[in-house]
Amino acid sequence: MEFLKRKFRNIKIRSKVIYSCVLIAFIPFCLIGSLGVSISTREMEKNVTQYTMQMVEQILQTVDIYLNSIEKKANMLIRMVEPLHVERIKDSEDPSWEMRQEVLCASFQTVAETHEEIAGIFFATENDLYVSTRMSRTSRDSFTKESWYQKAKERPEEMQIISDVTGRNIATDKTYSIDDVFSIVKAVRNPDTGEVAGVLLLDIKHDIISSAIRDVIIGENGFVYVLDSTGHIVYTPANAVVYRIKPEWLQNGREQLRAEIQGQTYQITYQQSEYSGWKIVSVSSYREIMGNVNKMFFTFVALLVVTVLIVMYVAVKISETITKPIVKLRNLMKQTEEGELTVRFTGDYQDEISDLGRTFNHMLERIQELLEQVYMEQENKRQAELKVVQEQFKPHFLYNTLDTIGWMAREHSADDIVHVVDALTNVFRISLSKGKDYITLQDEIRYITNYLYIQKIRYGPKVCYEVTLEPGCEAQEVPKLILQPLVENAIYHGVKLKRGEGHLSVRVAKEGEKNIRLQVKDDGRGMGKERAEDLEKLLNEPSKPEQNRSFGLFYVKERLRIRYGDNYQVKVHSIENEGTTVVIFIPVKEQ
């Protein structure tokens with residue numbers, strides 16, 4: 001062996017290149033003969049699994065978006081019903097019921113006609129009165145005893161999805177069948193007392209689900225179907241296999257499994273939506289998946305043979321002239337790999353290696369140009385995204401505030417309205433800030449104080465707050481409206497969901513000599529440890545807008561990252577039913 005090593009070291013570089021290429025080409029043949037099939041099989045399974053998981057996840061997101069849009073339509077209808085106070089009407093003989101019935105019928109009809117996915121709309125009151133489009137009553141049994149009514153009443157703040165709509169005291173007209181729809185229900189509450197005044201029911205066509213999976217192709221025998229949280233099939237294309245898949249197979253904590261059905265092996269992949277509780281299930285034939293392994297194997301062997309022949313030919317042709325320029329080019333590439341893009345190849349020849357060197361130089365120049373171009377594009381894109389988020393926030397808050405003003409006009413004197421309008425004026429004045437992106441902490445705290453005053457007027461004892469700004473921090477400039485999304489989350493996801501009074505504090509103080517501490521604390525509903533850790537991770541790590549469910553939190557994070565880079569930190573501490581504390585640490589900067 002030692003003799004062969006010495007002989008190989010002493011032969012010419014040209015011969016070394018040829019012998020090495022032949023040996024390198026020969027080794028894959030030996031390895032592929034024993035390992036090719038198993039490696040190809042694993043890779044094929046891996047690729048199919050990744051594709052299937054991505055496809056299921058995409059369908060799940062699409063269905064969730066559809067259901068979320070439907071919930072928004074239901075909320076819109078509920079806002080139409082709430083001011084009518086239908087709970088005060090005891091029977092259909094009441095003269096005011098006919099007027100309210102006409103108003104609701106017209107509104108329901110307009111929504112049903114402008115949204116094709118809505119098959120029918122039905123609203124039942126606590127006093128067993130109802131208004132509907134394309135739906136009617138089948139018996140005199142009380143609606144309040146129906147299972148769909150009870151589900152909505154048990155959780156009035158949530159939308160309930162009912163996939164099996166049979167057996168209810170409601171008949172549909174000839175335009176659709178109960179086999180072609182699922183229902184969503186949501187309670188309508190008295191805006192003054194919070195008590196349930198009735199339940200809104202919408203029949204939704206399966207078209208919104210079928211459209212999401214219609215173009216999905218999983219081989220010749222594969223298909224996708226939808227299950228609800230109880231294991232009931234919500235929607236499935238015509239297929240005999242689906243009814244032989246047991247729901248308990250999809251409840252073992254795994255998202256992928258294999259099953260023998262009618263003598264064939266199927267690969268089943270599924271994911272469950274946290275929003276709706278539905279499961280998107282993909283079923284594909286394992287035989288079809290493995291049917292491509294042999295094709296891939298023979299194709300790989302053919303490509304390998306061609307590659308080895310090309311390598312041998314190229315090695316013979318260029319081995320005599322490649323040593324010196326290749327070593328030089330290799331060293332330059334190592335420098336480039338370490339991040340040095342200013343190096344350049346210089347050659348006195350006109351051969352292939354010199355051409356490669358000149359191409360290498362051109363590539364480095366192009367990379368530098370592209371890096372600068374990409375940096376500018378990403379910076380502009382980020383600024384545009386942040387502007388969009390800001391503009392999305394303003395109309396939403398304006399709507400809530402104007403709603404508060406309207407309520408006060410009915411219930412309170414004009415003096416209170418003046419205070420609210422003043423607060424709203426200060427809020428918008430600071431939010432606009434003459435187009436500036438950074439304001440002082442004094443202005444930020446003034447904005448938060450006015451914002452909390454408006455929320456206090458709106459929710460009453462539900463929102464008790466305290467705002468503190470430590471002396472010495474007033475002139476520090478920070479990204480505009482950096483605390484507002486945190487305060488809004490503390491109200492809507494914290495104290496608002498708590499029974500009785502809710503308390504919220506905002507405190508700004510120095511943390512040592514180099515940092516400022518911005519704290520938002522509430523004693524509301526709180527959250528679990530795992531969810532708090534996920535929230536903290538979201539607020540500290542870079543991510544894309546589509547990866548964030550909350551535009552407000554994404555706004556906070558991106559503004560902090562633009563202003564301070566990696567020099568900021570966010571801490572989240574929360575205990576369920578006790579409250580949440582979010583703390584932002586930012587460096588003190590000279591103006």
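For the single chain, residues carry numbers from 1 onward in sequence order. From a predicted model like this one, the values you see are computed outputs, not experimental measurements.
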Output yes when a side-chain donor or acceptor of [X] lies under 3.5 Å from a complementary backbone atom of [Y], and no otherwise.
| X | Y | result |
| --- | --- | --- |
| E477 | I439 | no |
| E536 | V572 | yes |
| T133 | I121 | yes |
| D128 | F143 | yes |
| N127 | I89 | yes |
| R137 | N169 | no |
| S69 | Y66 | yes |
| N190 | G194 | no |
| E87 | V196 | no |
| D228 | S163 | no |

Heavy atoms of other groups near [X] [atom1], more than 12 under 6.0 Å:
| X | atom1 | answer |
| --- | --- | --- |
| K186 | NZ | yes |
| K571 | NZ | no |
| E116 | CD | no |
| E98 | CD | no |
| E474 | CD | yes |
| Q58 | CD | no |

- Audit row: Y243, T236, side chain to side chain contact (heavy atoms under 4.5 Å, CB included) steps and yes/no: CA-CA 10 Å; Y243 298 103; T236 179; 4.0 Å; yes
In Å and rounded to the nearest 0.5 Å, what is the [atom1] to [atom2] distance from [X] to [Y]?
| X | Y | atom1 | atom2 | answer |
| --- | --- | --- | --- | --- |
| Q484 | N489 | CD | CG | 9.0 Å |
| H573 | L535 | NE2 | CG | 13.5 Å |
| L67 | I70 | CG | CD1 | 5.5 Å |
| E57 | D64 | CD | CG | 10.5 Å |
| I162 | S147 | CD1 | OG | 6.0 Å |
| L483 | L486 | CG | CG | 6.0 Å |

Tell me the closest heavy-atom pair linking [X] and [Y], and the distance in Å.
| X | Y | result |
| --- | --- | --- |
| L539 | Y568 | O-OH, 3.1 Å |
| R559 | K480 | NH2-N, 3.7 Å |
| E576 | G528 | CG-N, 3.5 Å |
| S107 | M80 | CB-SD, 3.6 Å |
| L60 | S273 | CD1-CB, 3.5 Å |
| A509 | E470 | CB-OE1, 3.4 Å |

- Query: Considering the options D443, T449, N450, which one meets the side-chain hydrogen bond (donor to acceptor under 3.5 Å, both in side chains) requirement together with R446?
  - Reply: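 So, applying the side-chain hydrogen bond (donor to acceptor under 3.5 Å, both in side chains) to R446 and each of D443, T449, N450, only D443 qualifies.
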When you check the gap from the basic side-chain N to the acidic O, do [X] and [Y] get nearer than 4.0 Å?
| X | Y | answer |
| --- | --- | --- |
| K521 | E466 | no |
| R531 | D534 | no |
| K153 | E126 | yes |

- Message: Could you go through Y564 and V478, starting from their C-alpha distance and side-chain angles, then the distance that decides it, and tell me whether this counts as side chain to side chain contact (heavy atoms under 4.5 Å, CB included)?
- Response: CA-CA 10 Å; Y564 305 108; V478 296; 3.8 Å; yes
With a 4.5 Å cut-off on side-chain heavy atoms, are [Y] and [X] touching?
| X | Y | result |
| --- | --- | --- |
| V234 | L227 | no |
| I204 | V181 | no |
| I586 | L560 | yes |
| F122 | V199 | no |
| P191 | H85 | yes |
| Q455 | L504 | no |
| E117 | K73 | yes |
| I516 | L441 | yes |

- Taking it one step at a time, do D522 and Y465 satisfy side chain to side chain contact (heavy atoms under 4.5 Å, CB included)? CA-CA 9 Å; D522 68 81; Y465 64 92; over 6 Å; no
- E113 and Q109: side-chain hydrogen bond (donor to acceptor under 3.5 Å, both in side chains), yes or no, with the steps? CA-CA 6 Å; E113 290 175 352; Q109 190 65 33; 3.0 Å; yes
Any donor-acceptor N or O pair under 3.5 Å, side chains [X], [Y]:
| X | Y | result |
| --- | --- | --- |
| D180 | H206 | no |
| T269 | S282 | no |
| Y492 | E488 | no |
| Q61 | Y275 | no |

- Derivation of the side chain to side chain contact (heavy atoms under 4.5 Å, CB included) call for V111 and L77: CA-CA 8 Å; V111 173; L77 291 173; 3.5 Å; yes
- Message: For the residue pair R168 and Y149, would you count it as a cation-pi contact if the rule is NZ or CZ under 6.0 angstrom from the ring centre and within 45 degrees of the ring axis?
- Response: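 R168 over Y149 ring: no.
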- Flag this pair as yes if the NZ/CZ of R134 is under 6.0 angstrom from the six-membered ring centre of Y176 and inside a 45 degree cone about the axis; otherwise no. no
- Message: Would you say the rings of Y270 and W278 are close, in the sense that their centroids are separated by under 6.0 Å?
- Response: no
- Message: Determine whether the aromatic ring centres of residues F123 and Y130 are separated by less than 6.0 angstrom.
- Response: no
